[in-house]
Amino acid sequence: MTLKELFDRSCVQYAERIAISFVNGTPMTYSEMGQEVNKTITLLCRMGICKGDRVAILSSNMPNWCITYFAITGMGAIVVPILPDFHSEEVQSILQHSGCKAIFVSQKLLASIAGLQNETLSHVIAIEDFSMLSGELAEKPIASEELPVDSDTASIIYTSGTTGRSKGVMLSHHNITVNAVMCLQVQDVNLNDVLLSILPLSHTYENTIAFILPIMQGASIYYLEKPPTASVLVPALEKVRPTTMLSVPLVIEKIYRNQVQAKFTRTKLLSALYENVVPFRKLVHYLAGIKLKKTFGGRLRFFGVGGAKIDPVVERFLREARFPYAIGYGLTETAPLIAGANPSKTRFQAIGPALEGVEMKIVNPDARTGLGEVVCKGENVMQGYYRDPELTRSVFTDDGFFRTGDLGCFDKHRYLSLKGRLKSMIVGASGENIYPEDIESIINNVRGVLESLVLEKKGKLVAMVHLNMEELEKSYLQARDNAIQYISDKKDEWNKQKEECNKHLEGYLEELKNNVNHRVNRFSQIHSIIVVPDPFEKTPTQKIKRYLY
């Protein structure tokens, strides 16, 4: 099935149902969306875009993003979705490498293509109203008589991974549509479902599961007008009352640490009860879950978490809160989902079984732990990397399995569990396998730590930590507020307070190190801690870009 066939069928079958809308906008029915897609196809034809040409989208989520996507793929051209968070150098490199002839760009991101010297790019279109910013239009559209077939490339998605190299993943119409159908094995989506989209549409996770799949099933999708901060998200949840949402672990981890953990560890007594008395903790989590489900609108039945491994402490909270979460696993190269389970079938710290139609196995498993590289094969696996046959060959085994680069193992129910990235695994002095993600999970659950990164430096394990300085250094901040007064006539007192705060921080870091080292095995112990003043740079799915550090 092509994306055009999928979309055309939905426009007929669900003609009068709401398809897409801004949260505070005027909803558009499937029939109206189909008309807008056809108008945009006419615009593309007037630009001289033909089957096989590459056309980019650089924009935050909005209804016109969806219209543009189906117009480009519907006429047989290839869509190149670009993540809004990419630096201008990355954007320009992608446009150059892909040879895009046109780009639909939002006004806010025009700076990303300013001064671009690109011989192939002839048209720039404002995605908000489809007005031409540069380029000429023919008076009459030159329509292509050749329709796309399911083996044609539909999309080239450039990844921004933890390894630093951006690659153009070629996905065919069939790769994408077959994966959307596969996803129905995990969770039913129907015309009564309402989705609130908070992740970028230019990422294949949101694209296939929260855009193509609901459009295929006649569901309704709502988009935020602004980035999903708490002040924007909470009223949107109240208004839309979604039944389905996708998220990355960071979102739900922040909710847990800020609204649950912080509340019940603010005094020594509460902290002792919360951390040591299991019935108390379970009751707290259950009551917090009631409140959380209400915050999400009261009718949420599927909250998909993917893109990175979820913290076990946070997952324990979700289970005890009876929150309808589910874990999915996949990659851009697999369009994306290859394994998962719905909320009624989740298992703690496990993802789920392989989807029907996906063959998944562990290569070179460790004899003791069963851990090895996860590889898979299926109709959802990419066509290859654009203009890079050598790299494409390197990621497939001799028998045609795609190498994910992730370490994992199966339990007795064939549920997949992940340990981390193969490339991030550290080999200890005596040959032990050290998984930094496991140590980071422990560090991140110590009060005062926002995020961490464990690396090997000169044979020692070093933890880089980004701290909640406001929480840890209230006395320092108070002193800073009065800095003018101290510097002018109480310089000695200011220096004394600053010195005391520094000692307090040093003591905290030593306590943090001891706390972590008591909870890990001997060869996973931290040698030193480095405080990082700013948040770590992350990929669009909020995984830290390890290669930068």
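Residue numbers count from 1 along this sequence.
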Quiz item: Residues in side-chain hydrogen bond (donor to acceptor under 3.5 Å, both in side chains) with Asn64, at least two apart?
Solution: none

Quiz item: With Asp85, which residues qualify under side-chain hydrogen bond (donor to acceptor under 3.5 Å, both in side chains), at least two apart?
Solution: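 Per chain and number, Asp85 pairs via side-chain hydrogen bond (donor to acceptor under 3.5 Å, both in side chains) with no residue.
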
Exercise. Start with the C-alpha gap between Phe303 and Phe323, add the side-chain angles, then the distance that decides, and say whether ring-ring contact (aromatic ring centres under 6.0 Å, His included) holds.
Key: CA-CA 8 Å; Phe303 187 85; Phe323 195 72; 5.4 Å; yes

If I compare all heavy atoms of [X] with all of [Y], which pair ends up nearest, and what's the gap?
X	Y	answer
Arg241	Gly297	NE-O, 2.9 Å
Cys100	Val80	SG-CG2, 3.7 Å
Pro324	Leu300	CG-O, 3.5 Å
Tyr549	Lys545	CD1-O, 3.3 Å
Arg54	Ser98	NE-O, 2.8 Å
Ala77	Ile49	CB-CG2, 4.0 Å

Please examine the side chains of [Y] and [X], heavy atoms only from C-beta on, and report whether any two atoms are closer than 4.5 Å.
X	Y	value
Ile156	Val169	no
Ile78	Val55	no
Phe296	Ile255	yes
Ser59	Val105	no
Arg257	Val314	yes
Lys293	Arg322	yes
Leu453	Glu440	yes
Met216	Arg9	yes

Self-check item: Of all pairs that satisfy side-chain hydrogen bond (donor to acceptor under 3.5 Å, both in side chains), the ones with a partner from residues 324-337, not counting sequence neighbours
Solution: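 Passing the test, one end in residues 324-337: Glu315-Tyr325, Arg319-Tyr325, Tyr329-Thr404, Tyr329-Asp406, Glu333-Tyr385.
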
Quiz prompt | By ring pair (Phe, Tyr, Trp, His ring centres under 6.0 Å) - contacts of His123 (at least two apart) | solution =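 In terms of ring pair (Phe, Tyr, Trp, His ring centres under 6.0 Å), with neighbours along the sequence ignored, His123 is linked to no residue.
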
Quiz prompt | Listed partners of Phe211 passing ring pair (Phe, Tyr, Trp, His ring centres under 6.0 Å), at least two apart | solution =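 So Phe211 forms a ring pair (Phe, Tyr, Trp, His ring centres under 6.0 Å) with Tyr69, Phe70.
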
Quick check for you: to the nearest 0.5 Å, what is the distance between [X] atom [atom1] and [Y] atom [atom2]?
X	Y	atom1	atom2	result
Leu237	Thr295	CG	OG1	8.0 Å
Thr2	Ile176	OG1	CD1	11.0 Å
Ile125	Ser131	CD1	OG	9.0 Å
Ile82	Gln92	CD1	CD	10.0 Å
Ser21	Met62	OG	CE	13.0 Å
Lys101	Glu119	NZ	CD	12.5 Å

Strictly distance-based, threshold 3.5 Å: is any side-chain N or O of [X] a donor or acceptor partner for the main-chain N or O of [Y]?
X	Y	result
Lys167	Asp388	no
Lys309	Leu418	yes
Asn175	Ala335	no
Ser417	Gln349	yes
Asn207	Ile212	no
Asp53	Cys50	yes
Glu373	Gly405	yes
Gln96	Asn118	no
Asn179	Leu337	yes
Arg403	Val395	no

Quiz prompt | Pairs satisfying ring-ring contact (aromatic ring centres under 6.0 Å, His included), at least one member in residues 213-258, at least two apart | solution =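 Non-adjacent pairs meeting ring-ring contact (aromatic ring centres under 6.0 Å, His included): Tyr256-Phe317.
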
Exercise. Could you list all the ring-ring contact (aromatic ring centres under 6.0 Å, His included) pairs where at least one residue sits in residues 21-60, not counting sequence neighbours?
Key: Tyr14-Tyr30

Practice problem: Apply side chain to side chain contact (heavy atoms under 4.5 Å, CB included) to Ser220 and Arg17, showing your working. | Solution: CA-CA 8 Å; Ser220 305; Arg17 298 196 69 86; 5.8 Å; no

Quiz prompt | Ring centers of His466, Phe536 separated by less than 6.0 Å | solution =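 Distance test on ring centres: not under 6.0 Å, no.
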
Let me check something: any side-chain donor-acceptor pairs from residues 196-205 under 3.5 Å, sequence neighbours excluded? List them with distances.
unit_1, atom_1, unit_2, atom_2, d
Ser197, OG, Asn61, ND2, 3.1
Ser197, OG, Glu206, OE2, 2.6
His203, ND1, Tyr205, N, 3.2
Tyr205, OH, Ser247, O, 3.0
Tyr205, OH, Gly304, O, 3.2
Tyr205, OH, Gly306, N, 2.9

Quiz item: Should we say atom CD of Glu225 is surrounded by more than 12 heavy atoms from elsewhere, each under 6.0 Å from it?
Solution: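 Buried by this count: over 12 neighbours within 6.0 Å.
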
Exercise. For the pair Glu359 and Arg414, find out whether any cationic side-chain nitrogen is under 4.0 Å from an anionic carboxylate oxygen.
Key: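 No, no charged N to carboxylate O under 4.0 Å.
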
Practice problem: Look at Lys538 together with Glu451 and state whether they make a salt bridge at an N to O cut-off of under 4.0 Å. | Solution: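 Yes, Lys538 and Glu451 are salt-bridged.
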
Answer with yes or no whether the side chains of [Y] and [X] bring together a donor and an acceptor at under 3.5 Å.
X	Y	value
Ser31	Thr29	no
Glu437	Ser424	yes
Gln383	Thr153	yes

Under the side-chain contact (heavy atoms from CB on, under 4.5 Å) test, residues paired with [X] that sit two or more places apart:
X	answer
Lys39	Glu36
Gln217	Leu184, Val189, Leu213
Ser93	none

Quiz prompt | Residues Tyr158, Tyr386; criterion ring-ring contact (aromatic ring centres under 6.0 Å, His included); working and verdict | solution = CA-CA 9 Å; Tyr158 283 81; Tyr386 187 59; 7.4 Å; no

Quiz item: Tell me, which pairs form a salt bridge (Lys or Arg N to Asp or Glu O under 4.0 Å) where one or both residues lie in residues 185-196, sequence neighbours left out?
Solution: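 As it turns out, the salt bridge (Lys or Arg N to Asp or Glu O under 4.0 Å) pairs with a partner in residues 185-196, which skip direct neighbours, are Asp193-Arg301.
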
